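Quick note: numbers below take in every heavy atom, side chains included, and nothing from hydrogens, waters or symmetry partners. No experiment lies behind these values; they were computed from the predicted model shown. Every chain is numbered from 1 and lettered A, B, ... according to where its sequence line falls, protein lines coming before strand lines.
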2 protein chains.
Amino acid sequence: MSTIPADEGGKTSKEPRTERGRRTLRKLLDAAAIEFGEKGFHEASISGITRRAGTALGSFYTYFDSKDEIFRALVSDMSGMVRARSAEEVKPGMNALEVETAALTGFLKFAVEHKEIYRIVDEAEFVDPDSYREHYVSTAKRILSRLENGMASGEFRPGMGEAQAWALMGMYVFLGMRYAIMGEDRPVEEMVAVARGILENGIRPE
Amino acid sequence: MSTIPADEGGKTSKEPRTERGRRTLRKLLDAAAIEFGEKGFHEASISGITRRAGTALGSFYTYFDSKDEIFRALVSDMSGMVRARSAEEVKPGMNALEVETAALTGFLKFAVEHKEIYRIVDEAEFVDPDSYREHYVSTAKRILSRLENGMASGEFRPGMGEAQAWALMGMYVFLGMRYAIMGEDRPVEEMVAVARGILENGIRPE
């Protein structure tokens with residue numbers, strides 16, 4: 001995760017002002033992902049996070065007031081990392097369908113490498129419902145904006161909106177859950193091909 | 001929920017032998033759905049369940065040994081009720097696409113009437129991971145079996161399998177989450193039309 005700067009997400013009330021501070025914050029968020037992912041929110045502890053991060057307890061309180069606060073920052077950070085990872089896969093000159101599948105590729109690669117994202121986001125439903133909602137609302141908005149580009153260029157069917165964005169998001173999340181999280185990993189390319197087939201033709205014969 | 005017999009799901013180690021026993025078990029499961037849905041697993045209590053059910057504490061222990069056990073039975077019961085509700089919507093003579101959208105209609109109607117299903121199934125990921133997995137694995141199997149029927153009749157694209165079933169399940173679950181759970185209810189028919197459009201044409205122009 002260290003390639004993604006903390007300001008892609010991971011908002012904290014106290015922004016680091018130095019490069020060293022940004023590195024410490026990044027370490028804390030990466031450590032929090034492992035700690036919450038392995039132990040769950042209730043069993044996770046601030047000392048467990050700082051131990052994994054190799055930072056002093058004081059560093060934690062420089063950036064966060066509580067376990068709740070770093071959890072909230074972590075959900076936002078993971079949203080930001082998924083967004084950045086998806087954007088990385090999108091190349092100039094791609095058509096609308098290629099952009100859609102590239103963004104999905106980025107999400108699935110992230111999920112394979114950071115399987116803890118599912119447990120963390122899912123636990124947010126109970127620990128911090130606002131973060132949970134915000135994660136999905138902002139992801140759906142990005143999908144909708146890609147759909148709108150494709151509709152504007154005539155590559156996608158007109159009249160689609162937020163509901164189609166939520167439908168596609170569910171398809172992507174469940175493909176990742178089944179094949180990146182629930183064992184029996186499949187290559188990302190295979191999962192993307194499944195989604196692409198549905199995006200191109202639905203489930204009817206071509 | 002009282003129209004669905006307990007043996008559609010809600011397995012317990014001690015099956016009721018009388019009609020009265022079946023009614024008591026049904027009352028306990030319905031009460032558990034409300035108790036777990038409102039309070040979450042950790043705050044929910046056996047006495048809260050029996051109070052809502054209007055049964056004696058002893059009746060609870062006739063069927064369940066613990067809060068964990070009724071929670072597990074409840075997840076399985078809800079799977080069974082979704083299955084029954086979907087089956088109700090499917091009528092003889094429907095083509096494969098009509099069967100698919102009818103089954104989705106049944107699921108969404110159930111979700112609108114029993115919004116607690118999302119919280120309960122989602123919490124199972126943490127409280128009882130086997131139930132969580134079993135809920136989705138068995139739902140995906142039903143979707144796959146419908147896809148297989150449509151492939152056999154030539155109405156659906158050949159070569160689809162478990163992955164497509166998971167993709168469709170995700171689409172259905174997220175449409176329900178957005179429009180049955182997260183406020184701003186939309187009519188079930190509108191959600192079904194969104195899914196149907198994607199099943200028929202993907203996101204490309206017709």
Side-chain angles (χ1 to χ4, degrees), chain A residues 40-42 96-97 100 118-119 122-123 125-127 129 132-133 136-137 140 146-147 150-151 154-179 181-184 186 190-191 193-206, chain B residues 40-42 96-97 100 118-119 122-123 125-127 129 132-133 136-137 140 146-147 150-151 154-179 181-184 186 190-191 193-206:
Chain A
F41 181 81
H42 297 288
L97 195 63
E100 192 56 34
Y118 276 78
R119 179 168 184 167
D122 291 350
E123 196 164 19
E125 180 177 355
F126 304 99
V127 170
Y132 179 75
R133 193 185 176 101
Y136 285 124
V137 167
R146 298 195 301 260
L147 289 179
M151 289 190 283
E155 293 166 272
F156 290 163
R157 179 157 41 91
M160 295 193 295
E162 195 199 4
Q164 280 82 5
W166 277 78
L168 298 189
M169 177 163 65
M171 191 164 90
Y172 304 161
V173 167
F174 270 57
L175 278 171
M177 176 161 90
R178 177 65 187 83
Y179 296 110
I181 310 300
M182 285 192 169
E184 300 172 58
R186 286 199 189 185
E190 266 185 55
M191 294 185 254
V194 166
R196 186 181 175 120
I198 293 172
L199 296 177
E200 283 191 303
N201 296 299
I203 59 176
R204 294 198 305 180
E206 293 178 52
Chain B
F41 180 80
H42 296 289
L97 196 62
E100 192 55 33
Y118 275 77
R119 179 169 184 167
D122 291 350
E123 195 164 20
E125 179 178 356
F126 304 99
V127 169
Y132 180 75
R133 195 186 174 99
Y136 285 124
V137 167
R146 297 196 301 259
L147 289 179
M151 290 189 283
E155 292 166 272
F156 290 163
R157 179 157 42 89
M160 295 192 295
E162 195 199 3
Q164 280 80 6
W166 277 78
L168 298 190
M169 178 164 63
M171 191 164 90
Y172 303 161
V173 167
F174 270 58
L175 277 172
M177 177 162 87
R178 177 64 186 84
Y179 296 110
I181 310 300
M182 285 191 169
E184 299 172 61
R186 285 198 192 187
E190 263 185 58
M191 296 185 253
V194 166
R196 185 178 177 124
I198 293 173
L199 296 176
E200 282 191 302
N201 296 298
I203 59 176
R204 294 198 306 179
E206 293 178 50

K.L.:
Check each atom of B:Y172 against the heavy atoms of chain A and say whether the ones under 4.5 Å are side chain, backbone, both or neither.
P.N.:
neither
K.L.:
Chain A: which of B:M177, B:M191, B:M151, B:E100 shares the most heavy-atom pairs with it under 4.5 Å?
P.N.:
B:M177
K.L.:
Is B:V194 in contact with chain A via its backbone, its side chain, both, or neither, using a 4.5 Å heavy-atom distance?
P.N.:
both
K.L.:
Return the NE2 to NE2 distance between B:H42 and A:H42, rounded to the nearest 0.5 Å.
P.N.:
5.5 Å
K.L.:
Answer with side chain, backbone, both or neither: which region of B:F156 has an atom nearer than 4.5 Å to a non-hydrogen atom of chain A?
P.N.:
both
K.L.:
Under 6.0 Å between the ring centres of A:F126 and A:F41?
P.N.:
no
K.L.:
Would you check if the side chain of B:R119 reaches a backbone N or O of A:E125 as a donor-acceptor pair within less than 3.5 Å?
P.N.:
no
K.L.:
Give, for atom CZ of A:R196 and atom CG of A:N201, the distance between the pair rounded to the nearest 0.5 Å.
P.N.:
10.0 Å
K.L.:
Should A:M169 and B:R178 be marked as a side-chain contact (heavy atoms from CB on, under 4.5 Å) after you check the CA-CA gap, both sets of side-chain angles, and the distance that decides it?
P.N.:
CA-CA 11 Å; A:M169 177 163 65; B:R178 177 64 186 84; over 6 Å; no
K.L.:
Taking atom CG of B:L199 and atom CE of B:M171, what is their separation to the nearest 0.5 Å?
P.N.:
4.0 Å
K.L.:
Of all of B:V137, B:I198, B:L168, B:L97, which one pairs up most often with chain A through heavy atoms under 4.5 Å apart?
P.N.:
B:I198
K.L.:
Quick one: of A:P205, A:G161, A:G150, A:G154, who has the most non-hydrogen atom pairs under 4.5 Å with chain B?
P.N.:
A:P205
K.L.:
State whether the side chain of A:Y118 and the backbone N or O of A:V173 hold a donor-acceptor pair below 3.5 Å, judged by distance alone.
P.N.:
yes
K.L.:
What part of A:E123 gets closer than 4.5 Å to chain B, counting heavy atoms only: side chain, backbone, both or neither?
P.N.:
both
K.L.:
Quick check for you: among B:G159, B:A140, B:A195, B:A163, which has the greatest number of heavy-atom pairs under 4.5 Å with chain A?
P.N.:
B:A163
K.L.:
Determine the option with the most heavy-atom pairs under 4.5 angstrom with chain A, choosing from B:E155, B:Q164, B:M160, B:E200.
P.N.:
B:E200
